Each structure stands twice: as structure tokens, then as C-alpha cells.
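One structure is given here, and the rest of the page talks about it.
The structure displayed is predicted, hence computed values, not measured ones. First the proteins, then the strands, lettered A, B, ... as listed; each starts at 1.
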Amino acid sequence: MMALKAINLPPLSPARPNEILLPPKPWFVALTLLFAFLFNLLPWTGVWLALKPDFLALVLLYWCIQQPRWIGVGAAWAFGLVTDVSQGALFGQHALAYSLLGFAAEYFHRRVLRFPLWQQAAHVAVLLVLAMVLVLIVRMAGGAALPEWSNFLGAVSGALLWPPLSTILQWPQRPPPSPGER
Amino acid sequence: MPALPSDETPFFRRGPSPFARFVFFGLFSLALLFADARYGYLESIRLGVGVVIAPLQRAALMPLHAWDAVAAYFASQTRISQENAELRRQLVVQGAVVQGAQALAQENGRLRGLLGAHAKSGGNDILAEVLYLGRDPFSQKVFVNKGSNDQVRAGQAVIDDGGVVGQVTRVFPAVAEVTLLTEKDHTIPVKIERNGIRSLLVGAGTGRAPELRFMSASADVQSGDVLVTSGLDGTYPPGLAVAVVAAVERDSGLMFARITCRPLAGVDRSDQVLIVPAPTANVPPRPEETNEAETPKRTGKGKRRAA
């Protein structure tokens, strides 16, 4: 406890809506995206596979909202192509979904950050479902079979994961508490 | 007349608007989807990206291995000795089966020699570990940790201890993509083990049971019948267990019976699989048409049938 106070870390709690965050380190952004990609590739099975949110989509969404000048539609699209290869999907399927997420995040980023985390999570759920429906329409037009309804559970679990995920991702950007606050 | 600066002119220049970029990348994605689905043009790009991400795909299995190691370290001695006794018992039982099978294989080889038939190939199966299940809602894919460096080729059959899992569809240097037999329209030529009736087992998509197609309503199929590969396609070696008939619906109004099946392999549960090379190497080439009197139209038909 003493050591924690000595290096003056901010508390691991959601940032207040009016709190000004420090700019993230580029290596931190890259590392979180890499880890999100790895999390998608873990050997998930059974119920966990059905419940698994798309970690990469969530982290991309977070950085598109926080840092739209670095991570935007183009970067999301490129990560989508890599995901297409790693999941054996058709080329452009995840890319289409992620570029929609990137666009929506860039478009709404000023507004969404004003909301408390659970309202942001509701936005995230709607966005994830919209991206799924867009891909669904395109693939059904191409003659694919209707996927299982449990596929949409990923959007719900993704939204539930949004508050803890954004708390963790914004932790390194929070300014250290000023001496007067303690 | 000079244009007046509108309110929407941004103070900082930031390139095209998000919507313009979304339209650009969205249309690009649609073009890629079309090119990949219709023409399969993009396999070389896919191979390149696949090579780059292969270390990540393989690294994602490390936490599981670490967990297994920790679990094995703390596993109780009694449980391990119980498991050991059980495995010994299985070994004795299966040893008897293997000895019988060896005698049968020798006999089979002699009979095939008498008939002048080619010996069956076998023995160069590749053991692979499942890395992860593909999370594409429209297809059933599994990735395994062996690739073209380990002589895995596209088209080879994949089995586990229960039966056929599916087929290798794409090969990267260190990773291979296996399409499961439950994939929509994935077809395996099978025969019913009980009476040798041949049919096609066609996958129906995620979460739906595969079906036997084009079986007449009067065909001798019962629920509980075991389906094995017939080997007619030259892709799947003959005699591998595939599925068991789950339900037979005979509707007099329809020409065919509706026969749903349950795969015998742990299609999306197994973690160790065996990649079985295709037995096509021994298939003799199609004989030349010797009848010179045949019209070109008929040979054309024959070729189409062969393809």
C-alpha cells in the first residue's frame, strides 16, 4: 500500500466524464490491440465460445473513440482483413464489420465519451449488433446459411465487458491524483 | 463569385470525412468479398497474411499448455494411478483387436495380390493438435498446428478417435484450416455399414444436423445405422466411421426420405486429430476411349460426367 502511494498511481476506477486523459503511448495502443487479437485466438470451446465477445472489435472501438486520429476506419479495416485470415472467413467480411465500427466510433466519439460507462455499453451493444447485421445481409445475399441465434450473444457479452475494459484501458492515461485531492 | 466559408469547414484539415472513408473501405470490402466468394482470387494474399500471423496463432495455445502443466503438477497421485490402470486395461483390450487386424491385413494383402489389385496405402498419417475454432458464424472451421511444412495437403481427410471430423481446405506453412463436415453443403460419399447402400452425407450448416440426401422413401435406412466413408471420391479413405442415423422421416408426399444424422467424431470438441492422406495415388487413370466410331458429342458428354 505504501509503495503504491509512493509512485502516486491513479485509482483503478472509471474516469469522470469531465476528466482530461493524457494521450496514450503508441506502444500501449499497439500492445492492447495485439493482445485483443491473441485473446480471439485462444482455444475457446463450448459455452465459452458462444459467449466470447470479439475482443479485437471492442479494443478497436475503444481506441477509435479515444484516439480517432490514430486508429480510425482504415486501421480497423486492416485489422479486419487479418481477422478474416485467422478465422478462415471470406476476405473482407470482418473488414466490412470493423470499418463500420470505426466509422460509427469516429462519428460519435465526442458524444459517447460524455456518457457514464453503462450508457456507453448500451451504445456498444447496438453498434456490435449493427455490424453483425451488416455482415449477415451481405453474406445472406451471397447464399450463406443463416447462423445460429447464439452468434448474437457475443454482442451482449461485449457490451457487458465494455465498462471493465475501458476502465483498464484508460488507467495508464489518467493523470496522477494531485496532492490536494488526497 | 468566391465561395463563402461555411460553418462546416473544419479549423484543422483532417483529410476525408469519416463517412467518406467508411464508404471507400466498405466498398473495397464488398469487392474483396465478391472476388473471394466467386473467383477465389486472393489465396496468395491470404497465404502471405497467414504466414505473418502463424506465430500468433500458435502462441495462443501456450496459456492452455501452461495450465495443463500446472494441473498435471498438482494432479493427485491416486487419480493418476487410476487413470494409468484404466489405460493399461484399454491397451490390453485394443492389443487383442490390433493382433486380429494384423492377421486380417495380411490376409487382405494376399487376396489383393491374387486379384491383382493395388495395395492400400497408409501409415503416413499426421497427428495434429487443434489450435482454435474459427469464429466465423457462417462456416465451421478449425485450425490445426500442422501445415505444408509437415506434408499436409489441401483435400486430405481429418479424423479423431470417433470418426471423420472434416477435410483440410487451406494450408499455410505451419497451420492448416480444416472445414468440418457440418459445414453447409460439405459432402461426403458414405455407405451404410449394415447393408452397403451408398449415399451422400451433406452438411446443413452450424448447429444443424447433417442429412443423407436423395434416399428414396423406401430405402432401407433405420435410425441407429452407422455410416462409413465409401471411398468412391478418392478423398476419404474407405471405411472411416462418419455418423450415425439419428432420425428417419418418411413423408409419402415427398420423393425422398428426410434422414438426419449425428456425427460420430467430436466435430468441434476434439483437441487431437489425425490427418489422413488421400488414397488417390493408386487410382488408375481413366482408360482412353477406344471406340473410334463414337461421335464427338458423346465423348463430350462422357468428359463432363467424369468431371
With the side chain counted from C-beta on, respond yes when [X] and [Y] share a heavy-atom pair under 4.5 Å apart, and no when they do not.
X: B:Ile53; Y: A:Val85; value: yes
X: A:Leu38; Y: B:Leu56; value: yes
X: A:Pro43; Y: B:Leu61; value: yes
X: A:Leu90; Y: B:Phe138; value: no

Counting only heavy atoms not in [X], do more than 12 sit closer than 6.0 Å to its [atom1] atom?
X: A:Trp48; atom1: CH2; value: no
X: B:Arg208; atom1: CZ; value: yes
X: A:Phe152; atom1: CZ; value: yes
X: A:Met140; atom1: CE; value: yes

Side chain, backbone, both or neither: which part of [X] has a non-hydrogen atom closer than 4.5 Å to chain A?
X: B:Arg38; value: neither
X: B:Glu177; value: side chain
X: B:Arg170; value: side chain
X: B:Leu42; value: both

Residues in ring-ring contact (aromatic ring centres under 6.0 Å, His included) contact with B:Phe256, at least two apart in sequence or another chain:
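Scan of B:Phe256 (ring-ring contact (aromatic ring centres under 6.0 Å, His included), adjacent residues dropped) gives B:Phe214.
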
Listed partners of B:Phe172 passing ring-ring contact (aromatic ring centres under 6.0 Å, His included), at least two apart:
none

Please find the pair of heavy atoms, one from [X] and one from [Y], that lie closest to each other, and give the distance.
X: A:Gly88; Y: B:Ser139; result: O-OG, 4.2 Å
X: B:Ser29; Y: A:Trp77; result: OG-NE1, 2.9 Å
X: A:Glu106; Y: B:Arg21; result: OE1-NH2, 2.8 Å
X: B:Leu33; Y: A:Gln93; result: CD2-N, 3.8 Å

Taking B:Asp36 for the side chain and A:Phe91 for the main chain, is one N or O donor matched with an acceptor at less than 3.5 Å?
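Yes; at least one donor-acceptor contact below 3.5 Å.
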
Out of A:Ala89, A:Gly72, A:Ala95, A:Ser86, return the one with the most heavy atom pairs under 4.5 angstrom to chain B.
A:Ser86

Between A:Val138, A:Leu41, A:Asn40, which shows the greatest number of heavy-atom pairs under 4.5 Å with chain B?
A:Leu41

Centroid separation B:Tyr132 to A:Trp44 less than 6.0 Å
no

Are the aromatic rings of B:Phe19 and A:Phe103 close, with centres under 6.0 Å apart?
yes

Atom pair CZ/CG of B:Phe22 and A:Leu96 - distance to nearest 0.5 Å
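Those atoms lie 6.5 Å apart.
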
[X] portion near chain B, given a 4.5 angstrom heavy-atom threshold:
X: A:Asp84; value: backbone
X: A:Ala78; value: neither
X: A:Phe39; value: neither
X: A:Leu34; value: side chain

Specify which of B:Leu30, B:Val49, B:Leu47, B:Leu64 makes the most heavy-atom pairs with chain A at under 4.5 Å.
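Top count of heavy-atom pairs under 4.5 Å with chain A: B:Val49.
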
